[in-house]
Amino acid sequence: MKIFKSKKEIPLAVESLSAGLTKSRQGFVKNLSSLLLGKKTLDPSILNEIETLLITADVGVQLTQEIIAYLTGQLKRNALKDGDAVFNA
């Protein structure tokens with residue numbers, strides 16, 4: 001079974017996929033920024049919202065769990081004092 005009718009279609013498909021991934025990444029970063037922007041303090045409830053963003057961004061369940069576990073540990077150690085600290089984590 002051929003996916004592409006000609007070799008000329010391959011670059012167009014790759015370009016389209018790349019553009020779609022860029023748009024998804026930008027949307028995720030925008031949503032995460034909106035969630036964390038202006039947060040003076042972080043609490044465990046914010047992690048639920050970050051988890052939802054990760055899942056809806058198709059990061060995958062396993063990676064989402066690892067990220068949330070890491071952020072939970074950082075939060076317990078008071079290493080995440082504000083929204084900027086999450087981006088730097």
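- Within the 4.5 Å cutoff, the side chain of Thr52 has no heavy atoms near those of the Asn48 side chain.
- Pro44 places a side-chain heavy atom less than 4.5 Å from the side chain of Leu75.
- Residue Val29 is grouped with residue Ile68 when hydrophobic side chains (ILVMFWY) are merged at heavy-atom distances under 4.5 angstrom, including chains of intermediate members.
- Under the 4.5 Å side-chain criterion, counting only non-hydrogen atoms from C-beta, Phe28 is in contact with Leu54.
- Hydrophobic clustering places Leu63 together with Leu53 (ILVMFWY residues linked when any side-chain heavy atoms are closer than 4.5 Å, directly or through intermediates).
- Inter-residue side-chain proximity for Tyr70 and Gln74 is flagged as met; some heavy-atom pair is nearer than 4.5 Å.
- Here the side chains of Leu36 and Ile46 are in contact, with some heavy-atom distance below 4.5 Å.
- A distance of 9.0 Å separates OG1 of Thr72 from CD1 of Ile50, quoted to the nearest 0.5 Å.
- With Glu51 as the fixed residue, the side chain to side chain contact (heavy atoms under 4.5 Å, CB included) test singles out one of Val59, Ile67, Thr64: Thr64.
- In this structure, the separation between CG on Leu47 and OG on Ser45 is 8.0 Å, given to the nearest 0.5 Å.
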